[in-house]
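The block underneath contains the structure these notes are about, expressed in C-alpha cells.
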Amino acid sequence: MSQHQGLNRRVFLRNAGLTALAAGAAGTGVPLGAASEDQEFAPGPNGKFDFDTPYSRFGTHSVKYDQPNRVHGAGSVEVGMGIADIDFRAAPSITRALQERLRHEVWGYLDLPSTFGEGVIAWNKRRYNVDIKPEQMIITSGVHPGLIATLKAFSPVGSRVLLQTPTYNGFYSDLTASQTIAEESPLKFVNGRYEMDFDDFESRIGPDTYSFILCNPQNPTGNCWSEDDLMRIGEICLKRRVVLLADEIHCDFVMKGQKYTPFASLKDKRIVDNSITYKAASKSFGLAAHKTAWFYTTNPDMLKKIRVQHRADLNTLGIVANQAAYAGGEDWLNQLVEYIDGNHNFAVDFIGKNIPMVKAYKAQGTYLMWLDFTALAEKIDTKAMAEQHNRTRAANAPALKPEQMLERWLIKHAKVQLNQGASYGRGGENHMRMNIGTSRRTLEKALTNIANALKPAVLSSAID
Ligand SMILES: Cc1ncc(COP(=O)(O)O)c(C=O)c1O
C-alpha cells in the first residue's frame, strides 16, 4: 500500500507530523500496521484472529482518522471514534479475492455475476433464516441510494417521513435528497434503556405521512428491537398506510444474550408486505468504501415503483470484496462480534470506574455507544460556548450547536473525536456517539484520554 500514488502512508505521516503517533498505537508503543501489513492476516494456532494489535489507518484518507486531523489540524486527533466503520484488518477471504482480481488489469464495465445475489441469499438464509427470492432484491451501491429511491417512490416532495430519534444522522441527508421533511418521534429512555413510544409515533401520522424509516439495530442507541416492538410498529404502519423502510445494516453486530429480529421474518405477511429491508456487508466486514448494498421486499408492486426511481452503478472491487466476505468471512465475523461484545463490556466498566461525568450503558447491538455527557456539557457550558461562537463567527462560518462545541472541546482536550449528538435528532442533546469498532488498546487509549481530560484539576484549568 505504501507504494500507491496518493496513499503513501509514511510520506503522509511525515507531512502531517503524525509519525510519532503512528509509531506507537496511540501512545501504547505498539507498532501500528507497519510490521504486519505485508503478511496475510491469518488466525493464530488457536484459530483466533488477532483483533488486539492496533492497525493504523493514518495516511489512508480515512474519514475517521485523517479527516479530523485535516479539519482541526495535524496531530489534533489521536483516536478517531466517529464515523461508523471498523479499524480491523479485513477477513483474509476478502484480501485474497481482491488480490486475485487485481492481477487482471482491465477495469471495464461489470456484468454483475449471478453468484453475487446467490451469496447474499444464502447468507440471509443460513444466518437469519430469511428467504429472499432473486426477483425480490435489488443490488445497489449503498443503503442511501436505496432509501432515497424508496422515499422518492412513496413520499411526495414536502411530505413527512417518520423517524424514531435519536436515529442515524444520515437519514436526514436522505430526506434532503428526496425533498421530504422529518417527523421525529422521540424514543423514551426508561430504566437505562431506550423504548419505542407507540402512542407518540401514531399521533404523528398525518395525511402527509407516507414513510417511516426504522433502524434495527438502532444507530446510535444500540437497540435490537424485539419481535413485539416490530409487530406493534408494523401494525400501526399498515393500518395508517405508512410504508416501512427497515434499515438493518448493523444486524450482524448483536451482543451476547440479545437477538436481532429481521423485519421480514415477522409472522404477519401483510405487515411484511408493507416493508422494504436494506442491508449490506459494509458494516460487518469493514467494506464501507466498496459501495455495495442491497434491498428487498416481498411486495412486487412496491419494488416496481422503487425500481423506476433507482439508479446505482456497481464497481468491480466492491462486488468481489462483498462476495468474498459472505463466502469466506463468517468465522472472522463471528470472532469479531465476540470481540466487540468484549469492547462494550470493557468501555461500560471503564467509564463507570473512571469517567463519572459520563453515563454509559451497554448497547444490545452495533459497535456504537450512546453516551450522556450532560454533566460535562453543563460544567463547560456548551450552550454559552455555542452562543459566543455564533455571535462572533465569520460571516461565512456555520453556526454551531452546543453538541458541536462539546465535540470540539473533546478534540482539543482529549484528542479524541466522537460524533456530536444533536445530529441524531431530538433526544441527542448533550449526547455523543462513540464508535468502539477498534482494538481494545485503542479504545483504552481513547477512554484514558477522556478520563484524563475530565479529571477535576485538569478540567478546571481546561474551561476556556
Ligand atoms: C443505520 C445506517 N444506515 C446506513 C448507513 C450508510 O450506509 P451506506 O454506506 O451503505 O450508504 C449507515 C452508516 O453508518 C448506518 O449507520
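Order of listing sets the numbers, starting from 1, for every ligand and every atom in it. In this text, all values refer to a predicted model and were calculated from it rather than measured experimentally.
By the 3.5 Å distance cut-off applied to N or O atoms, His250 is counted among the residues near ligand 1.
Judged purely by distance below 3.5 Å, without hydrogens or angles, the side chains of Tyr278 and Thr150 pair a donor atom with an acceptor atom. Checking Asp372 against Tyr361 by side-chain atom types alone, no donor-acceptor pair falls below 3.5 Å. When only modelled atom types and interatomic distance are considered, Asp50 and Tyr55 share no side-chain donor-acceptor pair under 3.5 Å. Side-chain polar atoms of Lys279 and Asn124 form a donor-acceptor pair below 3.5 angstrom.
Counting heavy atoms under 4.0 Å from ligand 1, residue Val143 touches it through both backbone and side chain.
The shortest separation from a heavy atom of Ala288 to ligand 1 is not under 4.0 Å, leaving the residue out of contact.
A salt bridge links Asp87 with Lys64: the closest approach of a Lys/Arg side-chain nitrogen to an acidic carboxylate oxygen falls below 4.0 angstrom.
Shortest contact from atom 13 (C) of ligand 1 to any protein heavy atom: Lys283 NZ, 2.7 Å. Protein heavy atom in closest approach to atom 9 (O) of ligand 1: Lys291 NZ, 3.7 Å. Counting only heavy atoms of the protein, atom 7 (O) of ligand 1 lies nearest to Ile249 CD1, 3.5 Å.
Distances from atom 15 (C) of ligand 1 to the heavy atoms of Trp294, Phe171, Tyr168 put Tyr168 nearest. Which of Asn216, Asp247, Ile213, Leu214 comes nearest to atom 3 (N) of ligand 1 through a heavy atom is settled by distance: it is Asp247.
Stacking of Arg232 on the aromatic ring of Phe198 is recorded, both the 6.0 Å distance cut-off and the 45° axial limit being met.
For ligand 1, the atoms lying closer than 4.0 Å to a non-hydrogen atom of Gly142 are 10 (O), 11 (O). For ligand 1, the atoms lying closer than 4.0 Å to a non-hydrogen atom of Ala84 are 14 (O). Of all atoms in ligand 1, listed by their number and element, those nearer than 4.0 Å to a heavy atom of Cys215 are 1 (C).
Between Phe88 and Tyr339, a ring centre-to-centre spacing shorter than 6.0 Å is recorded.
Each of Asn219, Thr221, Thr366 was scored for a side-chain hydrogen bond (donor to acceptor under 3.5 Å, both in side chains) with Arg433, with one residue passing: Asn219.
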